[in-house]
Amino acid sequence: MCVRVSLSQCSPGAMFSRRWRFGWDSYSEVDLFTTRYDTSTETLSQAIQAAASEGPDADGSVLFGHLRGTVVGLKYYTGVVNQGEMVGLVRQPQNPYDRNAVMVANIYGNQVGHIKRELAAAMAHVMDNNLAKVEGVVHSRTTNSFTMPVMLSFWGKEENKSAVTEFMARRGYKLNTGFKVVITFFHIYSSFVQLKNAFDNLFEGLMESKDGEKEAAEAVGTPLLPHQKQALSWMCARENKSSLPPFWEKRGELYYNSLTCFSAKEVPERVCGGILADDMGLGKTLTTIALILTNFHKGRPLPVEKCVRFSVGECYISSVHATTPACVHPCLLSTCRRRSLLKSKPKLNHRWPPNLKVTLVTKSLSKTEKDDILCVCVCVLCEGVESAMAETADDLSARATLIISPLSVLSNWLDQFEQHVRPDVKLNVYLYYGSDRNRSKKFLSTQDVVITTYNVLSADFGVSVDSPLHGISWLRVVLDEGHIIRNPNAQMSKAVLDLKAQRRWILSGTPIQNSIKDMWMLLAFLRLKPFDVREWWNRVIQRPVTQGDRTGLQNLQTLVKCITLRRTKSSEVNGRPLVSLPEKTVCVEQVELSRSEREEYELARTEGRNTIRRYVAEGTILRNYADVLAILMRLRQHCCHPDLLSKTSSDLGASATPAELRERLIEKLRSVLASGSDEECSVCLDSVRLPVITHCAHVYCRPCITEVISTEQETAKCPLCRNEIKTSELVEFPQELMEEESSTNSENWRTSSKVQSLMGNLLRLRCDDGSIKSLVVSQFTRFLTILETPLREHGFRFVRLDGTMNQKRRTRVIEEFQSSAADSPTVMLLSLKAGGVGLNLTAASHVFLMDPAWNPATEEQCIDRCHRLGQMRKVVVTKFIVKDSVEEKMVAIQRKKQDLVEKAFGSTNSDRKTSRIDDIKALMEL
DNA sequence: ACCGCCGGGTGCC
DNA sequence: ACCGCCGGGTGCC
């Protein structure tokens, strides 16, 4: 090697004034790069990926400005760029010629060139210190083939803006600023609210031109409904057709991506699979089972062993002809041996050879012979597996489908396979779960289906280098409830992304739960190029959408449309509803309080109203929100049963010690949550998960409020009352108390008007038709406990399902309830929040909603557990509402709230705040 | 690269 | 001639 340096190497600061130079006489850059970089396993795309995920999130970033830069060294690299194409900028601190080097790469991670030295030096400082994220777009090409201009944009946190701008200016690079973009919490928040609504529409109307139907393979025992045949047809097409992924088009010889302006000679890798986002109850599981059996390689059905029982006395195996007599199914062999039919001695093999033929001869048989011949003969449904082998590049030896599901629905998968696969078909389904699971890769990869849970998968992934599931080339990976993997940093998500598969599917009723970020994980799993790389996703979709860009949203919509099939129960196909469910009637039964109940209620109401009046007058209603909720809660509890009221909680007023404050906050939290009410988190607008209470007594999801705090840092304020909040001051409900809550005293039990109304209904029903089953639903688990006494007294057989039960018990309870046995329970006491999605309670045809919920959707969800596919009877829903009470007003607000959600486009946080105050006023008749 | 830069050849017009 | 000018060789970081 001959390196000639005209000037001695110097400090980075002096580098600009002096020049240095290398000779290339006997040394090519290829050698240099292979020795330098090939020792590292990191690929360029991984480097880009890593760079993008380390940097600040696109959400909170502001644009510092633009700068026109130069990409040099084009002729040394193969990466090509088109006009308007986005490029990635990656720091190369290990570059032997310049540790400030900034590499330029195209969407596919192919190197295009480098940023010119001086500019790179300035950028390196900014990039290395995480002051800004720099993005590049190549707007125009110059005619020469050595350099090209690149438009650089600098993005980062507001507080770094001036530092970056000044630094660049000192180096002689002026950042051109367009209009000033200021993003505050409320900014993000209101655009988030808008998005949430836009998302609701995102998955709507995805039915167009997906209306072909496909019959399932013979092995599927359950006839598919028309919409399921459509889904099957669509899924098969997504797996088999080689249509271009969204935004790709053929332009002459090249394939062109209209979003990133990238083009390539090769066909872009197609996405085999997609998102099946049908509403729950439309049969995603059955459709998936049908897909597994129907669409093996080359669109042929999965070759499965099918046991054929010949009708007695008619058929008789006379001889076995096999082109390869080496293998005979052991089951058949036993018969052959007995009858001495085999000429040669075959080896045993469980897999039936494709061209083995069995000749059957009819013969009259004696009784014993008939019994003998009732042996099982095994046939093959699909022939020609081997011949298909050589034809395509795909690995046709991949056989198994891996299904990953939450633990709670694991048993459902097994049941559904049992139920929908014809009993005479032998499908190898292996449950990869439990400590004694078979970890043999050979064993697993020869199964037809392997089912496991997200937890098992990620546990395996974390523990050992050669996780069995990660070592297998799957034919197909299916993520059930795929929205579970929405956090890309979670171990679970990484484990899922690392799976090797030809085809990938996501099943989910709610593909986007919180934000557009959720979507990235799904696309990354599906390997939808180029969006599986975070930078391109951020730049092309996420940032434009979060900043309210219409085209960004349109692009996202197009993207989603291409890979998603979503139908709701109300969707129509050719003017007819997708599924015809039995009629559902909802009636409200007014309950009159007894005199003593009314007296107690009015007492509590007057007291509460005075308190709230005071808050309204002081303008402190939101500051005392928890207290207000507690008052409302007490009233709601009065409506159900007097014993629901917890011991009067002390007033928050003056809190002497921190321990005392904590005690009182927990008490507040208890009154909000413990009884099972459905409180809404004001950040995500959903029911609270992992509830925490702030020192200003507002309840949020822990992740939501933590994010708010980390975004706003020291200046973090409570989104509801703008008091200062700190992560360290968030209080959780202690687990020990959780358990205490459930204990109740069953001696001196008393009834209530609502209990009477329910019992009257149940007794009447039992009289009319003893086989009718009912769900009795309440938000208050303690109310369910109270209801147990009269049910027992009247000799009802009942079960109970609430959030405290573990999975095993839940499954058993549901099984018991769903059973049609004569002595099976006819009533299920159900806590409104228990189970959430996926429960199948079709045995019930009557639903009694004991108390109104804040969120009408929760009620609907609950009703849907029995008003769904498989329901044979008309469904009757009875809502008990106490006359002249807070419950009546809640119903009115429910309706208003639903309107609000529907029209909420543009509703801001402050709108919501005032609407909350209005709600409270209305509830208390102020 | 239809540039910039380097360094050797050259030297009135 | 310790300059200027010309024209060939050359070229990312």
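Chain A is the first sequence line, chain B the second, and so forth, proteins listed ahead of strands; every chain is numbered from 1. These figures come from a predicted structure and were not determined experimentally.
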Report the distance from atom NZ of A/Lys75 to atom C1' of B/dC3, rounded to the nearest whole Å. 14 Å
Over all atoms of both residues, closest heavy-atom pair of A/Pro468 and A/Lys441: O-CG, 3.8 Å
Quick one: list whatever passes salt bridge (charged side-chain N to carboxylate O under 4.0 Å, His left out) with A/Arg238, sequence neighbours left out. none
Name the orientation of the base relative to the sugar in C/dA1: syn if the glycosidic angle is within 90° of 0, else anti. syn
C/dC13 P sits how many Å from A/Ile115 CD1, rounded? 11 Å
With a 3.5 Å cut-off and heavy atoms only, can you find an N or O donor on one side and an acceptor on the other between the side chain of A/Asn95 and the base of C/dC13? yes
Please measure how far the C1' atom in C/dC13 lies from the corresponding atom in B/dC2, and state the result in whole Å. 25 Å
Closer than 4.0 angstrom, basic N to acidic O: yes or no for A/Glu249 and A/Arg251? yes
Would A/Phe146 count as stacked on C/dG11 if the rule is ring centres under 5.5 Å and plane angle under 30°? no
Rounded to whole Å, how long is the line connecting atom NZ of A/Lys116 with atom C1' of B/dC3? 11 Å
When the P atoms of B/dG4 and B/dG8 are compared, how many Å lie between them, rounded to an integer? 23 Å
Atom-pair distance (CZ on A/Arg117; P on B/dC5), nearest Å: 15 Å
To the nearest angstrom, the CD-C1' distance between A/Glu118 and C/dC12 comes to 11 Å
Whole-angstrom distance between B/dG11 and B/dC6, as gauged at atom P: 24 Å
Using the ring of A/Trp505 (Phe, Tyr or Trp, six-membered ring only), decide whether A/Arg476 places NZ or CZ under 6.0 Å from its centre and within 45 degrees of its axis. no
Watson-Crick/G-U partner (both atom distances under 3.5 Å) of C/dG11: B/dC3
Which of the following nucleotides, C/dG11, C/dC13, B/dA1, is nearest to the side chain of A/Tyr76? C/dG11
What do you reckon, is NZ of A/Lys726 surrounded by more than 12 foreign heavy atoms closer than 6.0 Å? no
Report the distance from atom CE of A/Met148 to atom C1' of C/dC13, rounded to the nearest whole Å. 15 Å
Round to the nearest Å and state the distance from A/His114 atom NE2 to C/dG11 atom C1'. 15 Å
Is the base of C/dC12 touched by the side chain of A/Tyr77 through a donor-acceptor pair closer than 3.5 angstrom? yes
